[in-house]
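Written below as C-alpha cells is the structure these notes are about.
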Amino acid sequence: MAEADIQVQVCHALPDSSFLRTLTVPAGTTIEQAVAQSGLLQAIPGIDLAINMVGIYGKKKTPDTVLHEHDRVEVYRPLQADPKEARRRRASSKPAKG
C-alpha cells in the first residue's frame, strides 16, 4: 500500500520580499527534495543548500530530514554579523552605570 501524500510549506524571507509555497509531496520527502520541488532555487538563484541553513518552524535541521504533515521548511539567509560580536559592540557603546 502506498503511503499518503502530505502537505508542507517552503519559505524564504528576504529584506524586501518573501517566498512561500505550499506543496503536496509523497510521505518520506526530505527537506532538500521539497525545496527543489518548490521552485525556490529557480526563483532565488543565490541559494545553496550546502551553505544556507534550513529548519522546520525555527529549529535547525539537515537537508536530509524527512518531512511530516504540515511542516514549514525555512531556508535561512547567512548572518550579516556575528551575534556575539554585535552584542559586545552595543554593550561597549553604552555609558557606564554608576
Side-chain angles (χ1 to χ4, degrees):
M1 183 170 147
E3 294 186 41
D5 289 342
I6 60 172
Q7 226 178 26
V8 298
Q9 289 184 323
V10 175
C11 65
H12 179 69
L14 295 169
D16 57 350
S17 66
S18 62
F19 177 96
L20 177 64
R21 189 100 7 109
T22 300
L23 306 170
T24 301
V25 296
T29 297
T30 64
I31 288 176
E32 185 172 23
Q33 292 168 333
V35 169
Q37 290 177 32
S38 72
L40 174 63
L41 301 177
Q42 291 77 27
I44 306 171
I47 294 177
D48 181 356
L49 293 183
I51 297 170
N52 293 77
M53 293 191 323
V54 293
I56 298 174
Y57 288 113
K59 295 186 180 184
K60 186 177 163 187
K61 302 291 182 181
T62 60
D64 62 348
T65 301
V66 175
L67 297 171
H68 298 94
E69 179 75 16
H70 301 299
D71 278 349
R72 184 182 68 217
V73 174
E74 300 163 344
V75 180
Y76 306 116
R77 293 178 294 168
L79 292 175
Q80 297 298 312
D82 177 14
K84 290 181 182 178
E85 184 58 36
R87 184 177 185 283
R88 280 189 204 104
R89 276 183 281 163
R90 284 193 309 271
S92 69
S93 67
K94 290 183 182 178
K97 290 184 179 181

Within this structure, what is the [atom1]-[atom2] distance for the pair [X] and [Y], rounded to the nearest 0.5 Å?
X	Y	atom1	atom2	answer
H12	E74	NE2	CD	11.5 Å
D5	T24	CG	OG1	6.5 Å
Q9	D71	CD	CG	10.0 Å
L49	I31	CG	CD1	9.0 Å

(message) Using modelled atom types and a 3.5 Å cut-off, is there a donor and acceptor pairing between side-chain atoms of R77 and backbone atoms of L14?
(response)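 No: the side chain of R77 does not pair with the backbone of L14.
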
(request) Could you please spell out the steps behind the side chain to side chain contact (heavy atoms under 4.5 Å, CB included) verdict for Q37 and V25? (result) CA-CA 9 Å; Q37 290 177 32; V25 296; 3.3 Å; yes

(request) Would you sort out whether I6 and H68 count as a side chain to side chain contact (heavy atoms under 4.5 Å, CB included), showing the intermediate values? (result) CA-CA 7 Å; I6 60 172; H68 298 94; 5.5 Å; no

Which donor-acceptor pairs under 3.5 Å do side chains of residues 51-61 form with protein atoms, sequence neighbours excluded?
unit_1, atom_1, unit_2, atom_2, d
N52, OD1, D48, N, 3.1
N52, ND2, Y76, O, 2.9
Y57, OH, H70, O, 2.7

(message) Which residue is it: V75, L20, V73? I am looking for the one with a side-chain contact (heavy atoms from CB on, under 4.5 Å) to L40.
(response)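 Only match with L40 under side-chain contact (heavy atoms from CB on, under 4.5 Å): V75.
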
Which atoms form the tightest heavy-atom contact between [X] and [Y], and what is the distance?
X	Y	result
G39	F19	C-CZ, 4.1 Å
A36	Q42	O-OE1, 4.3 Å
L67	A34	CD1-CB, 3.6 Å

(request) Would you please test T29 and V8 for side chain to side chain contact (heavy atoms under 4.5 Å, CB included) and show each step? (result) CA-CA 10 Å; T29 297; V8 298; over 6 Å; no

